[in-house]
A.B. asks: 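Got a structure for you, written out below as structure tokens; questions coming shortly.
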Amino acid sequence: MARYEPECVDDTLFLSADTERIEIGTIDDIVAAIGGETYTIEYDEKQRTQAWLNTDKGVLEIDVRETVTTLPHTEETVSKLQQYDMETDRYGLPTRTVEFTNEFVDILEQQGRSTA
């Protein structure tokens with residue numbers, strides 16, 4: 001299964017694997033669609049007991065810009081995103097950009113309960 005690595009060119013995010021490259025949208029649009037530069041994940045008491053989770057207050061603030069530009073994605077995610085184009089818009093943004101942000105937020109929310 002191919003892993004798609006994020007690649008930024010002139011503030012535009014692409015996901016690339018081998019010879020395939022898919023445009024996602026501008027980093028500024030992605031950050032705006034997610035709701036800002038940080039995204040907060042809240043963990044319950046049971047989740048806080050996990051050794052890998054280094055948080056005393058039960059919250060973890062994610063740097064959206066950094067994570068969007070470093071987190072690789074699966075072939076399955078990219079396949080879903082390819083169903084949307086960059087020409088039509090939703091909420092004033094390309095549909096693929098909006099769908100990417102929805103997938104990205106879902107990934108973050110799988111790590112805990114969101115408070116963003």
Side-chain angles (χ1 to χ4, degrees):
M1 177 177 275
R3 296 291 292 177
Y4 286 76
E5 299 291 331
E7 176 184 350
C8 289
V9 178
D10 297 329
D11 195 42
T12 298
L13 179 69
F14 295 87
L15 296 179
S16 304
D18 297 327
T19 60
E20 188 175 13
R21 183 173 161 188
I22 178 173
E23 181 179 354
I24 301 300
T26 69
I27 301 297
D28 289 341
D29 283 348
I30 293 167
V31 169
I34 291 172
E37 296 286 337
T38 59
Y39 190 88
T40 303
I41 300 172
E42 184 176 301
Y43 294 94
D44 62 26
E45 290 294 327
K46 183 177 179 183
Q47 291 171 320
R48 289 184 214 176
T49 61
Q50 300 300 313
W52 58 268
L53 184 59
N54 187 15
T55 176
D56 294 333
K57 297 179 181 177
V59 294
L60 189 62
E61 290 204 359
I62 305 295
D63 182 321
V64 170
R65 192 172 299 269
E66 178 185 345
T67 306
V68 161
T69 58
T70 58
L71 182 70
H73 294 275
T74 65
E75 190 174 348
E76 180 182 358
T77 297
V78 171
S79 179
K80 285 184 203 172
L81 295 173
Q82 287 173 327
Q83 297 174 25
Y84 304 98
D85 61 34
M86 297 296 290
E87 303 304 319
T88 56
D89 69 89
R90 188 181 303 167
Y91 314 117
L93 300 172
T95 304
R96 185 180 296 154
T97 303
V98 173
E99 291 301 323
F100 172 80
T101 60
N102 290 339
E103 289 284 332
F104 184 80
V105 169
D106 284 347
I107 291 168
L108 294 180
E109 288 183 354
Q110 289 173 13
Q111 309 308 310
R113 187 170 52 99
S114 170
T115 60

A.B. asks: Show, in sequence, the C-alpha distance, side-chain angles and deciding distance for V64 and E37, and conclude whether the side-chain contact (heavy atoms from CB on, under 4.5 Å) test is met.
C.D. replies: CA-CA 5 Å; V64 170; E37 296 286 337; 5.7 Å; no
A.B. asks: Quick check for you: to the nearest 0.5 Å, what is the distance between Q82 atom CD and T77 atom OG1?
C.D. replies: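 It comes to 11.0 Å.
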A.B. asks: Should the heavy atoms of other residues, nucleotides or ligands under 6.0 Å from CG of D11 be counted, would the total exceed 12?
C.D. replies: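 Yes, enclosed.
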A.B. asks: Quick check on the hydrophobic clustering: are I27 and L71 connected, directly or via other members, by side-chain heavy-atom contacts under 4.5 Å?
C.D. replies: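 Yes, I27 and L71 fall within the same hydrophobic cluster.
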A.B. asks: The criterion is salt bridge (Lys or Arg N to Asp or Glu O under 4.0 Å); which residues satisfy it with E20, sequence neighbours excluded?
C.D. replies: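 So E20 forms no salt bridge (Lys or Arg N to Asp or Glu O under 4.0 Å) with any residue.
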A.B. asks: In terms of hydrophobic clusters joined by side-chain contacts under 4.5 Å, are L93 and I22 together?
C.D. replies: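 Each belongs to a different hydrophobic cluster.
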A.B. asks: Check whether any side-chain heavy atom of E5 sits under 4.5 Å from a side-chain heavy atom of P72, and report yes or no.
C.D. replies: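 Contact flag for E5/P72 side chains = yes.
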A.B. asks: How long is the straight-line distance from CG of D85 back to CD of E23, given to the nearest 0.5 Å?
C.D. replies: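 Output value for this atom pair is 11.0 Å.
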A.B. asks: Kindly say whether I24 contributes a backbone atom to a donor-acceptor pair with the side chain of T97 at under 3.5 angstrom?
C.D. replies: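 Pair found, side chain donor or acceptor close to backbone of I24.
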A.B. asks: Let me confirm one number: the OG1-CG distance from T95 to L81, rounded to the nearest 0.5 Å.
C.D. replies: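 Between atom OG1 of T95 and atom CG of L81 there are 11.5 Å.
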A.B. asks: Nearest 0.5 Å, please: how far is OG1 in T67 from CD1 in I62?
C.D. replies: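 It comes to 5.5 Å.
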A.B. asks: Between R96 (side chain only) and Y84 (backbone N and O only), is there a donor and an acceptor less than 3.5 Å apart?
C.D. replies: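 Present.
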A.B. asks: Not counting sequence neighbours, which residues clear salt bridge (Lys or Arg N to Asp or Glu O under 4.0 Å) with R3? List them please.
C.D. replies: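 With sequence neighbours excluded, R3 shows a salt bridge (Lys or Arg N to Asp or Glu O under 4.0 Å) to no residue whatsoever.
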A.B. asks: Write down the atom of L13, the atom of C8, and the distance for their closest heavy-atom approach.
C.D. replies: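 Nearest pair, atom of L13 first, then C8: CD1-SG, 4.2 Å.
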A.B. asks: Are P94 and T88 side-chain neighbours, meaning at least one heavy-atom pair lies under 4.5 Å?
C.D. replies: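 P94 does not reach T88 side chain to side chain.
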A.B. asks: Quick check for you: to the nearest 0.5 Å, what is the distance between L60 atom CG and Y39 atom OH?
C.D. replies: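 Output value for this atom pair is 12.0 Å.
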A.B. asks: Do the side chain of T69 and the main chain of R65 share a donor and acceptor less than 3.5 angstrom apart?
C.D. replies: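 Such a contact is found between T69 side chain and R65 backbone.
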A.B. asks: Run the ring-ring contact (aromatic ring centres under 6.0 Å, His included) test against F100 and tell me which residues pass, sequence neighbours left out.
C.D. replies: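 Listed in chain order: H73.
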A.B. asks: Taking atom CD of Q110 and atom CG of L108, what is their separation to the nearest 0.5 Å?
C.D. replies: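 If we round to the nearest 0.5 Å, Q110:CD and L108:CG are 9.0 Å apart.
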A.B. asks: Hydrophobic clusters here meaning ILVMFWY residues chained together by side-chain heavy-atom distances under 4.5 Å, can you tell me if M86 and Y4 are in one?
C.D. replies: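 No, it is not one cluster - the side chains of M86 and Y4 are not joined through contacts under 4.5 Å.
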A.B. asks: Do the side chains of V78 and V105 join up, straight or via other hydrophobic residues, at under 4.5 Å, putting them in one cluster?
C.D. replies: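 Yes.
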A.B. asks: Any link between L15 and V98 through a network of hydrophobic side chains (Ile, Leu, Val, Met, Phe, Trp, Tyr) touching at under 4.5 Å?
C.D. replies: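 In one cluster: no.
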